[in-house]
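Please read the structure below before turning to the comments.
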Amino acid sequence: MAKTWQDYELTVNGLAQKIRYNPETVEKIFLPLLEKLTAIYRKKNSRVILFLVAPPATGKSTLTLFLEKLSRENENLIPVQAVGMDGFHYHSDFIKTHSVIRDGKEIPMSEIKGCPETFDVEKLKQKLTDLRAGDTNFPIYDRKIHDVIEDAAKVDGKIILFEGNWLLLKDDAWKNLREFADYSLMIKADLKILKDRLIGRKVQGGFSVEDATAFYEKSDSQNVLRTLNDSAVADETWQMLDDNDYIISDEGGKL
């Protein structure tokens, strides 16, 4: 039986966009997640934080914005606020002047921007601590200037959907973040799908296929594998399919 799709209007980075999702997935996967978070909030009677973790090219930013929109259109749900982790990159002047040691080799941060070492995890931990205590302001990453703007986004929702690649990472610098999550969701995808999408993105941005492939092998592929292989098991796991649909995986479990 062929899938049906529905178009939705969504504002992404200030621009109106059309996105599409399978209505059955919306009813059977997206809404139950929002209902679960609403139930957690009502039981806890205080702010709820979801960690949504996925490798690059899985559409997690768009998904969290859509979930925010969906929650605000349903009177039975507590509205959620979508927040991204990109604002916790180090500032560009820091990244331009620092390196990462990988496999015994020193690599400039600027060549592998987006890996865990290019994020200020201590600042992230402090902001999550502040968020537990009350409303606060988070930094954002401005893609026009390719740098961080401090305290640019007010975070005041009752339920926060916090998305990023590294929020469940098992590395020592990151693992203590998990205490801030009331619930966690991991989205996985086939490696070939992610490779094709990431290379395609670079080509659309002006790279040659050869240069885009080389960048994938040096940087993007490492980030994909670290997200998928080095993250703690989430409370719930979805699998993204090659048509951008999702199914619930049986890999989820307690942290």
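At least one donor-acceptor pair closer than 3.5 Å links the side chain of Thr64 to the backbone N or O of Ser61. When atom types are taken as modelled, the side chain of Ser221 and the backbone of Tyr216 share a donor-acceptor pair closer than 3.5 angstrom. A side-chain donor-acceptor contact under 3.5 Å links Glu68 to the backbone of Ala82. Judged purely by atom type and a 3.5 angstrom limit, Asp103 has no side-chain atom pairing as donor or acceptor with the backbone of Lys105. Not one N or O on the side chain of Ser110 forms a donor-acceptor pair closer than 3.5 Å with the backbone of Ile95. Under a 3.5 Å cut-off, the side chain of Thr38 and the backbone N or O of Ile78 do form a donor-acceptor pair. Put simply, the side chain of Thr62 never gets that close to the backbone of Gly59: no donor and acceptor are under 3.5 Å apart. Not one N or O on the side chain of Glu24 forms a donor-acceptor pair closer than 3.5 Å with the backbone of Lys3. Between the side chain of Thr97 and the backbone N or O of Asp93, at least one donor-acceptor pair lies under 3.5 Å. In this structure a side-chain-to-backbone donor-acceptor pair under 3.5 Å is present from Trp166 to Gly114.
Within the model, atoms CD of Glu117 and CZ of Arg102 stand 6.0 Å from one another, a figure rounded to the nearest 0.5 Å. Here the CZ-CG distance, from Arg47 to Leu131, works out to 4.5 Å after rounding to the nearest 0.5 Å. Between the OH atom of Tyr246 and the OG1 atom of Thr58 there is a distance of 6.5 Å, given to the nearest 0.5 Å. Once rounded to the nearest 0.5 Å, the distance linking CG of Asp120 with NE2 of His91 reads 8.5 Å. The CG atom of Leu50 sits 10.5 Å away from the CD1 atom of Ile160 when rounded to the nearest 0.5 Å. To the nearest 0.5 angstrom, Ile140 atom CD1 is 15.5 Å from Met85 atom CE.
At a threshold of 4.0 Å, the pair Glu150-Lys127 does not count as salt-bridged, since none of the basic side-chain nitrogens sits closer than that to a carboxylate oxygen. Under a 4.0 Å N-O distance rule, the pair Asp171/Arg226 qualifies as a salt bridge. Between Asp86 and Arg143 there is a salt bridge, since at least one side-chain N of the basic residue sits less than 4.0 Å from a carboxylate O of the acidic one. A salt bridge links Arg132 to Asp182: at least one charged side-chain nitrogen sits closer than 4.0 Å to a carboxylate oxygen.
Aromatic ring centres of Phe138 and Phe88 lie closer together than 6.0 Å. Between Phe30 and Tyr21, the distance separating the two ring centers is shorter than 6.0 angstrom.
Both Leu52 and Ile19 are assigned to one and the same hydrophobic cluster, defined by single-linkage of ILVMFWY side chains at heavy-atom distances under 4.5 Å. Hydrophobic cluster membership differs between Val83 and Tyr141, with clusters built from Ile, Leu, Val, Met, Phe, Trp and Tyr side chains linked at under 4.5 angstrom. No path of Ile, Leu, Val, Met, Phe, Trp and Tyr side chains, each step under 4.5 Å between heavy atoms, connects Val100 with Phe119, placing them in separate hydrophobic clusters. Both Met240 and Leu10 belong to a common hydrophobic cluster when Ile, Leu, Val, Met, Phe, Trp and Tyr are linked at side-chain heavy-atom distances under 4.5 angstrom. At a threshold of 4.5 Å between side-chain heavy atoms, the hydrophobic network of Ile, Leu, Val, Met, Phe, Trp and Tyr places Leu63 and Ile29 in one connected group.
Side chain to side chain, Tyr8 and Lys69 fail the donor-acceptor criterion of an N or O pair below 3.5 Å. Looking only at atom types and distance, the side chain of Ser99 has a donor-acceptor partner in the side chain of Glu106 under 3.5 Å away. If you check the side chains of Thr25 and Asp245, you find a donor sitting under 3.5 Å from an acceptor.
Across all their heavy atoms, Pro32 and Glu27 have their closest contact at CD-O, 3.2 Å. For Arg178 against Leu169, the heavy-atom pair with the smallest separation is NH1-O, 3.6 Å. The two residues Ser71 and Leu34 make their nearest non-hydrogen contact at N-CD1, 4.0 Å. The shortest heavy-atom contact between Leu65 and Thr11 is CD1-O, 4.0 Å. Across every non-hydrogen atom of Pro55 and Asn165, the tightest pair is C-OD1, 4.0 Å. The two residues Val148 and Tyr90 have their closest heavy-atom pair at CG2-O, 4.1 Å.
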Quick one: do Lys18 and Glu9 satisfy side chain to side chain contact (heavy atoms under 4.5 Å, CB included)? Show the steps, please. CA-CA 5 Å; Lys18 272 192 176 181; Glu9 296 284 347; 3.3 Å; yes
Between Asp196 and Asp242, does the side chain to side chain contact (heavy atoms under 4.5 Å, CB included) criterion hold? Intermediate values first, please. CA-CA 10 Å; Asp196 290 347; Asp242 60 1; over 6 Å; no
Step-by-step side chain to side chain contact (heavy atoms under 4.5 Å, CB included) determination, Thr118 to Phe94: CA-CA 9 Å; Thr118 63; Phe94 183 95; over 6 Å; no
Apply side chain to side chain contact (heavy atoms under 4.5 Å, CB included) to residues Leu128 and Leu177 and explain how you reach the verdict. CA-CA 8 Å; Leu128 288 171; Leu177 294 180; 4.0 Å; yes
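Contact annotation: the side chain of Pro23 approaches that of Thr4 to within less than 4.5 Å [non-hydrogen atoms, C-beta and beyond]. At least one side-chain heavy atom of Trp238 sits less than 4.5 Å from a side-chain heavy atom of Leu33. Residues Pro79 and Ile159 are not in side-chain contact: their nearest non-hydrogen atoms beyond the backbone lie 4.5 Å or more apart. Under the 4.5 Å side-chain criterion, counting only non-hydrogen atoms from C-beta, Ile247 is in contact with Leu241. Residues Leu191 and Leu225 are in side-chain contact: their nearest non-hydrogen atoms beyond the backbone lie under 4.5 Å apart. Residues Met186 and Ser231 meet the side-chain proximity criterion, which asks for heavy atoms closer than 4.5 Å. Residues Leu37 and Tyr183 are in side-chain contact: their nearest non-hydrogen atoms beyond the backbone lie under 4.5 Å apart. Inter-residue side-chain proximity for His146 and Asp142 is flagged as unmet; no heavy-atom pair is nearer than 4.5 Å.
Within a 6.0 Å sphere centred on NZ of Lys113, heavy atoms belonging to other residues, nucleotides or ligands number more than 12. Within a 6.0 Å radius of NZ in Lys154, other residues, nucleotides and ligands contribute more than 12 heavy atoms.
Phe215 and Phe207 have perpendicular rings, their planes meeting at more than 60° on a 0 to 90° scale where under 30° would count as parallel.
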